[in-house]
Amino acid sequence: MKYSLKCLYAVALLLVLCAATRASATPRQPYGLPADSVTISGQVTHPLTLSQEHLRRFNAVTGKDLKIVGVKGDIKKTLHSWKGVLLTTLLDSAGIRLAPKERGRCYIVVRGTDNYTTLYSWNDLFNNPTGSHVVLLFEENGQPITTDGPFVMVSTTDKITGPRHVKWVNRIEVASLP
């Protein structure tokens, strides 16, 4: 009797572990609702909420053959063509509020609906060539983005693009260190 009870517990534990493994192996849906807009908030003069239609009104930048490279050097995805708006253009439109002496303390957080986050300093974007290559994409391979959300942020000249490749972007926040 004790043996069969132990077997029953073992089978129950095995079923729970299998269910947990299966749940973690299935693709996760983004937290919350898919982003149909991007908000720019924080230390800005004009907080913005932008849809794809709004983004298309900005001066677009385009590119070809962008490889999304993972931290191990593996190519996760190739964008044969892409279209988007520079992050600096969006931030200029929102108007970052800070005195010149505060620029070294300013940072910009880009978040996706799954809370994946990347961070840029003001100097990365406005005092460095990197800023000319950080793009909020709204089109991949000639089509509106659908599989990774309508908005994707990427730094197109990073050697390893994956860590700063944010899918399902819904928030861009401007803040300063104390």
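It should be emphasised that the depicted structure is a prediction, and the values quoted were computed from it without experimental measurement.
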Checklist entry - Out of curiosity, does Val135 fall in the hydrophobic cluster containing Val110 (side-chain heavy atoms, cut-off under 4.5 Å, transitive links)? => result no

Checklist entry - Given Leu66 and Ile68, is the side chain to side chain contact (heavy atoms under 4.5 Å, CB included) satisfied, shown in steps? => result CA-CA 7 Å; Leu66 173 62; Ile68 305 302; 4.3 Å; yes

Item to check | Residue list, side chain to side chain donor-acceptor pair (under 3.5 Å) with Ser121, at least two apart or on another chain | outcome: Asp124

Checklist entry - Roughly how far, to the nearest 0.5 Å, is the NZ atom of Lys67 from the OG1 atom of Thr78? => result 4.5 Å

Next on the checklist: For the backbone of Pro150 and the side chain of Gln52, can you confirm whether one donor and one acceptor N or O come within less than 3.5 Å of each other?
Outcome noted: yes

Item to check | Val174 vs Cys106 side-chain heavy atoms within contact, under 4.5 Å | outcome: yes

Item to check | Shortest non-hydrogen contact between Leu55 and Val85, atoms and distance | outcome: O-CG2, 3.6 Å

Next on the checklist: For a 4.5 angstrom cut-off between non-hydrogen side-chain atoms, does Leu119 reach Arg164?
Outcome noted: no

Next on the checklist: As a quick check of understanding, evaluate side chain to side chain donor-acceptor pair (under 3.5 Å) for Thr130 and His133, giving each step before the final call.
Outcome noted: CA-CA 5 Å; Thr130 301; His133 303 281; over 6 Å; no

Item to check | Heavy-atom closest pair, residues Gly104 and Asn123 | outcome: CA-ND2, 3.9 Å

Item to check | Qualifying residues under salt bridge (Lys or Arg N to Asp or Glu O under 4.0 Å), relative to Asp92, sequence neighbours excluded | outcome: none

Checklist entry - Should Val38 and Leu136 count as side-chain neighbours, where that means a heavy-atom distance under 4.5 Å? => result yes

Checklist entry - Between CD of Glu173 and OG1 of Thr39, what distance do you get to the nearest 0.5 Å? => result 7.0 Å

Item to check | Leu50-Leu125 co-clustered via ILVMFWY side chain contacts under 4.5 Å | outcome: yes

Item to check | Heavy-atom pair with the smallest gap, counting every atom of Thr161 and Ser155 | outcome: CG2-O, 3.7 Å

Checklist outcome for this item: OG1 (Thr118) and CE (Met153) are apart, to the nearest 0.5 Å, by 9.0 Å

Item to check | Interatomic distance, Lys76 atom NZ to His165 atom NE2 [nearest 0.5 angstrom] | outcome: 11.5 Å

Checklist entry - Would you find a donor on one side and an acceptor on the other, under 3.5 Å apart, between the side chain of Gln143 and the backbone of Glu140? => result no

Item to check | Phe151 vs Val166 side-chain heavy atoms within contact, under 4.5 Å | outcome: no

Checklist entry - How many angstroms lie between atom CD1 of Ile96 and atom CG of Leu91, to the nearest 0.5 angstrom? => result 4.5 Å

Item to check | Ser81 backbone acceptor or donor facing Asn141 side chain under 3.5 Å | outcome: yes

Next on the checklist: Do Leu90 and Leu48 make a side-chain contact, defined as non-hydrogen atoms from C-beta onward lying under 4.5 Å apart?
Outcome noted: no

Item to check | side chain to side chain donor-acceptor pair (under 3.5 Å) between Thr117 and Arg111, worked out | outcome: CA-CA 5 Å; Thr117 303; Arg111 292 185 199 276; 3.3 Å; yes

Item to check | Test item: Leu137 and Ile145 side chains (from C-beta on) under 4.5 Å apart, heavy atoms | outcome: yes

Next on the checklist: With clusters defined by side-chain heavy atoms of hydrophobic residues (ILVMFWY) lying less than 4.5 Å apart, directly or transitively, does Val44 cluster with Leu86?
Outcome noted: no

Next on the checklist: Contact between Thr156 and Val61 at the side-chain level, heavy atoms closer than 4.5 Å - yes or no?
Outcome noted: no

Item to check | Hydrophobic cluster identity match, Ile40 and Ile108, side-chain contacts under 4.5 Å | outcome: yes

Item to check | Side chain Thr45, main chain Gly95, donor-acceptor under 3.5 Å | outcome: yes

Checklist entry - Is the backbone N or O of Arg97 less than 3.5 Å from a side-chain atom of Gln43, with the two atoms forming a donor-acceptor pair by type? => result yes

Checklist entry - Could you give all pairs that pass the ring-ring contact (aromatic ring centres under 6.0 Å, His included) test and reach residues 85-129, with sequence neighbours left out? => result Trp122-Phe126

Checklist entry - Considering only heavy atoms from C-beta outward, does the side chain of Val109 approach that of Ile172 to under 4.5 Å? => result no

Next on the checklist: How long is the straight-line distance from NE2 of His46 back to OG of Ser41, given to the nearest 0.5 Å?
Outcome noted: 14.5 Å

Checklist entry - Under 6.0 Å from the CG atom of Asn59, do we count more than 12 heavy atoms belonging to anything else shown? => result no

Item to check | Same apolar cluster: Val154 and Val69, side chain cutoff 4.5 Å | outcome: no

Checklist entry - Of all heavy-atom pairs between Pro144 and Glu139, which one has the smallest distance, and what is that distance? => result N-CG, 4.2 Å

Checklist entry - In terms of side-chain geometry, is the basic nitrogen of Lys167 or Asp114 positioned less than 4.0 Å from the acidic oxygen of its partner? => result no

